[in-house]
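Treat the numbers as computed from the prediction; the structure is a model and nothing was measured. Side-chain atoms are counted along with the backbone in the values below, which use heavy atoms only and exclude waters and symmetry mates. Every chain is numbered from 1, with letters handed out A, B, ... down the list of sequences.
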Protein chains: 2
Amino acid sequence: MPRRSTKRYHHGDLRKALVEGALRLLETRSPAELSLRSVARLAGVSPNAPYRHFESKDALLAAVAEEGFRRLATVTAAAKGPPRKRLAQMGAAYVRFATENPRLYGLMFGPVLSGWERYEGLVAAGDASFAVVVEAVAAATNTDPKRASRDAILAWSAVHGYAMLAIDGHLGSCPAKELPPPEELVRIIDTR
Amino acid sequence: MPRRSTKRYHHGDLRKALVEGALRLLETRSPAELSLRSVARLAGVSPNAPYRHFESKDALLAAVAEEGFRRLATVTAAAKGPPRKRLAQMGAAYVRFATENPRLYGLMFGPVLSGWERYEGLVAAGDASFAVVVEAVAAATNTDPKRASRDAILAWSAVHGYAMLAIDGHLGSCPAKELPPPEELVRIIDTR
DNA sequence: ACATCAATGTGTACACTGTCCACACACCGT
DNA sequence: ACGGTGTGTGGACAGTGTACACATTGATGT
């Protein structure tokens with residue numbers, strides 16, 4: 001059994017430690033302020049150690065964003081109830097995730113991670129989280145798959161935009177009472 | 001009259017040159033890749049010259065984003081026609097602006113500019129561009145101002161989210177034919 | 001049990017960044 | 001003519017991402 005108290009040369013599971021450390025740092029620092037070296041320091045390891053697990057800083061950020069998408073999918077998939085209500089609750093859960101993890105969400109979607117298409121796992125996790133929305137929309141609207149896919153994009157746009165505006169404080173000028181509740185966002189697919 | 005050919009010690013209007021240079025660089029580089037020094041180089045000036053006009057790199061970026069909001073307001077305000085149609089065209093113009101200037105748009109809304117609230121002119125320009133949306137929504141829905149403001153937030157969310165997803169390529173997996181046209185986004189305020 | 005090796009971590013180094021400081025130049029009103 | 005104030009330069013510093021050479025380790029085959 002590995003000892004924890006004495007400093008060992010090998011870390012054990014540095015990869016996971018780095019991702020978790022970056023997630024912790026994202027609770028307070030913005031992704032732009034997050035340096036690879038600070039993540040390494042937090043893990044108690046030299047500045048170059050991360051390069052044994054990630055080919056670049058972007059690759060680390062991609063892994064972090066991937067974890068973010070997994071968590072997002074978990075949160076949204078947890079919405080229950082009859083299809084229509086479930087969809088509304090899913091939207092609310094989505095917005096809640098974004099506003100509770102603003103910097104992580106910004107990393108997942110923002111321009112910080114410019115070449116995200118290169119990271120296969122990230123793409124897969126993103127697609128999976130979108131699939132949750134598509135499925136819920138399809139169940140709520142009861143139309144053909146093609147139409148459901150288009151409606152899902154609309155719903156996703158509304159929820160994503162609302163979340164982004166809320167995160168960046170662009171909704172801050174309105175008193176909270178006058179903000180439309182996130183549940184209303186699904187009205188975008190209401191018209192038949 | 002100032003000569004242009006010989007290199008002068010004083011630039012003439014460096015502030016404007018820096019903002020325009022940064023806008024040009026944003027056509028090819030992402031905001032995260034844009035360095036203050038490269039902007040200075042493009043203007044043919046020493047690395048520190050910008051500090052006579054902007055107190056920090058963020059201040060320069062804020063000025064660039066401000067110009068972006070002014071252009072966005074111009075583009076959206078140019079939408080004409082009967083209120084309902086005008087709103088739809090405004091949404092389309094908004095999305096077009098975002099997709100044609102993806103990196104500028106990302107700077108305006110993304111997490112790159114973390115403390116945007118500190119830059120007064122930027123806030124004003126952002127509010128002005130939002131006011132265009134509110135006014136158009138109010139004209140199209142014909143309800144009380146409070147309701148119109150809420151609806152404007154919904155519409156803005158939808159359009160903003162759609163633009164963001166399009167910019168970041170998250171809509172790329174769908175064939176373009178199956179994408180909902182941006183005009184449909186205003187359906188979010190369709191239900192009465 | 002032991003040598004060996006690939007995996008994993010360290011140290012040094014480099015170019016580049018944002019920003020601070022002291023200095024240089026050039027246009028302005030007096 | 002001149003001095004001062006706004007504007008640009010040069011050098012410096014800490015911090016960054018990353019490349020390269022080296023060190024340490026745990027697992028593996030004999």
field: Under 3.5 Å donor-acceptor, R37(B) side chain and P47(B) backbone
entry: no
- prompt: Which word best sums up how the rings of F109(A) and H160(A) line up, parallel for under 30°, tilted for 30 to 60°, or perpendicular for over 60°?
  reply: tilted
E33(A) CD to dT19(C) C1', straight-line distance once rounded to whole Å: 16 Å
field: Rounded distance in Å - CZ (F54(A)) to P (dT18(D))
entry: 13 Å
query: Within the modelled atom types, does a donor on one side and an acceptor on the other bring the side chain of R52(B) and the base of dG8(D) under 3.5 Å apart?
result: yes
- request: Using a strict 4.0 Å threshold on nitrogen-to-oxygen distance, state whether E33(B) and R103(B) make a salt bridge.
  value: no
task: With the side chain of Y51(B) defined as its heavy atoms from C-beta on, choose the nearest nucleotide among dG9(C), dT19(C), dT9(D).
output: dT19(C)
- request: Would you indicate what R41(A) reaches in the nucleic acid, counting non-hydrogen atoms under 4.0 angstrom: base, sugar-phosphate, or nothing?
  value: sugar-phosphate
- prompt: Which part of the nucleic acid does S46(B) contact within heavy-atom distance under 4.0 Å: base, sugar-phosphate only, or nothing?
  reply: base
message: Please determine whether a side-chain nitrogen of the Lys or Arg among R70(A) and E67(A) lies less than 4.0 Å from a carboxylate oxygen of the Asp or Glu.
response: yes
query: Closest to the N48(B) side chain: dG18(C), dG11(C), dG10(D)?
result: dG10(D)
message: The side chain of H53(A) is closest to which nucleotide in this list: dT16(D), dT19(C), dT8(C)?
response: dT8(C)
- request: Find which nucleotide of DNA chain D each of A49(B) and S56(A) is nearest to by heavy atoms, and output the residue with the more 5' nucleotide.
  value: A49(B)
task: Between dT17(C), dG9(C), dT18(D), spot the one nearest the side chain of K57(A), thanks.
output: dT18(D)
query: Out of dG18(C), dG8(D), dG9(C), which nucleotide sits closest to the side chain of V45(A)?
result: dG9(C)
Spacing between R29(B) atom CZ and dT17(C) atom P, to the nearest angstrom: 10 Å
- prompt: Any side-chain heavy atom of W116(B) within less than 4.5 Å of one from M108(B)?
  reply: no
message: Please report the distance, rounded to the nearest Å, between CG in L18(B) and P in dG18(C).
response: 13 Å
Atom-to-atom span, CG of L36(B) to P of dC20(C) - whole angstrom: 11 Å
field: Under-3.5 Å donor-acceptor pair between R37(B) side chain and dT19(C) base
entry: yes
task: Find which nucleotide of DNA chain C each of P47(A) and E55(B) is nearest to by heavy atoms, and output the residue with the more 5' nucleotide.
output: P47(A)
- request: Rounded to the nearest angstrom, tell me the gap between atom CG in D58(A) and atom C1' in dT18(D).
  value: 12 Å
